[in-house]
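A short write-up of the structure that comes next.
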Amino acid sequence: EPEVTQTPSHQVTQMGQEVILRCVPISNHLYFYWYRQILGQKVEFLVSFYNNEISEKSEIFDDQFSVERPDGSNFTLKIRSTKLEDSAMYFCASSESQSPYNEQFFGPGTRLTVL
Amino acid sequence: GDSVTQMEGPVTLSEEAFLTINCTYTATGYPSLFWYVQYPGEGLQLLLKATKADDKGSNKGFEATYRKETTSFHLEKGSVQVSDSAVYFCALRRDAGNMLTFGGGTRLMVKP
């Protein structure tokens with residue numbers, strides 16, 4: 001069964017460093033998403049991406065964040081200068097369309113720890 | 001803004017017990033409602049969904065009914081198994097948007 005994959009599973013970085021989190025969405029999906037979950041808190045939407053453009057983003061997704069689909073398979077989230085409060089589990093998701101009838105499939109997550 | 005509130009866990013039950021996890025929401029318009037489940041070490045998986053009022057979503061013995069009058073989408077299962085131990089998330093999605101808005105998650109622990 002097709003699945004969303006994410007690498008690495010755990011990333012440790014120093015405050016102020018740049019990190020890139022990688023995701024491989026399901027191959028025929030057109031919509032891509034990033035969510036995050038700070039330990040003990042809710043899963044929060046960051047951004048959605050379609051046709052090489054951001055289609056929706058939350059207040060959390062400020063200038064420190066960027067997303068890219070560098071090739072036909074990968075979807076990346078970059079944090080330019082990490083802060084302690086960026087420590088969280090980051091989930092990538094993908095869907096065939098943006099209809100509520102089409103499920104968003106989630107990856108297993110990348111745990112980011114900023115020291 | 002939109003919000004989802006679900007009962008705090010952990011919920012600890014014995015095998016074959018009846019399960020209810022409460023979920024209520026606040027949203028404008030007519031959102032779609034979802035329950036996701038997260039097993040240890042895995043991503044979120046869609047468990048069931050309902051896209052309009054009075055719809056009942058069901059899967060793997062779990063059920064939830066979209067109640068617009070009480071803005072609720074409570075998850076139920078008649079007889080839980082040890083393998084149901086996981087974290088359950090209630091979520092909503094507006095018609096015109098992509099984003100899912102999640103509740104805080106409820107951890108279910110089922111003991112043999």
Side-chain angles (χ1 to χ4, degrees), chain A residues 1-7 9-10 23-26 29-51 53-61 67 88-111, chain B residues 1-10 23-53 55 57 59-60 64 66 73 86-107:
Chain A
E1 186 174 328
E3 58 182 14
V4 176
T5 60
Q6 291 186 242
T7 54
S9 56
H10 190 191
C23 167
V24 179
I26 294 173
H29 286 185
L30 301 177
Y31 289 80
F32 314 112
Y33 313 86
W34 284 101
Y35 292 80
R36 79 172 185 189
Q37 184 181 27
I38 296 172
L39 187 64
Q41 299 186 24
K42 296 185 176 185
V43 176
E44 303 170 292
F45 170 80
L46 294 178
V47 65
S48 61
F49 190 85
Y50 168 71
N51 199 25
E53 291 184 347
I54 291 173
S55 51
E56 193 172 0
K57 63 180 181 179
S58 70
E59 293 176 353
I60 303 167
F61 194 86
V67 289
M89 181 74 88
Y90 287 82
F91 294 105
C92 174
S94 69
S95 64
E96 287 185 31
S97 78
Q98 62 178 352
S99 163
Y101 297 98
N102 285 118
E103 178 181 348
Q104 290 185 20
F105 289 82
F106 283 77
T110 293
R111 180 169 298 284
Chain B
D2 299 343
S3 67
V4 176
T5 302
Q6 56 183 110
M7 60 191 293
E8 290 190 20
C23 170
T24 57
Y25 68 90
T26 303
T28 54
Y30 301 94
S32 296
L33 302 175
F34 305 84
W35 277 99
Y36 280 82
V37 59
Q38 185 180 30
Y39 298 103
E42 299 184 16
L44 299 162
Q45 300 174 24
L46 180 65
L47 181 60
L48 54 84
K49 66 183 179 186
T51 56
K52 61 183 187 297
D55 266 3
N59 186 26
K60 300 181 181 179
Y66 189 145
F73 192 55
V87 181
Y88 293 81
F89 293 90
C90 185
L92 68 81
R93 186 170 164 191
R94 282 208 238 149
D95 280 347
N98 296 311
M99 62 181 281
L100 287 163
T101 299
F102 286 89
T106 302
R107 181 175 300 278

Contact origin within F105(A) toward chain B - heavy atom pairs under 4.5 Å: neither

Please check: side-chain N/O of Y35(A) versus main-chain N/O of L100(B), any donor-acceptor pairing under 3.5 Å? yes

Measure the spacing between OG1 of T5(B) and NZ of K42(A) and express it to the nearest 0.5 Å. 5.0 Å

Straight-line distance of R94(B) CZ to E56(A) CD, nearest 0.5 Å: 8.0 Å

Test of understanding: with salt bridge (Lys or Arg N to Asp or Glu O under 4.0 Å), list the residues that count as partners of K60(B), not counting sequence neighbours. none

Should the heavy atoms of other residues, nucleotides or ligands under 6.0 Å from CD of E42(B) be counted, would the total exceed 12? yes

Just jot down the ring-ring contact (aromatic ring centres under 6.0 Å, His included) partners of F89(B), sequence neighbours excluded, or say none. none

Is it the side chain or the backbone of S97(A) that comes within 4.5 Å of chain B heavy atoms, both, or neither? backbone

Within the supplied structure, the quantity of interest is the number of heavy atoms (other residues, nucleotides, ligands) at a distance under 6.0 Å from Y39(B) OH; does it exceed 12? yes

The interface call for Q104(A) against chain B, heavy-atom contacts under 4.5 Å, is both

To the nearest 0.5 Å, atom CZ of F102(B) lies from atom CD of Q41(A) at 15.0 Å

Chain B interface, residue from Y33(A), Y50(A), Y31(A), F91(A) that has the most non-hydrogen pairs under 4.5 Å: Y33(A)

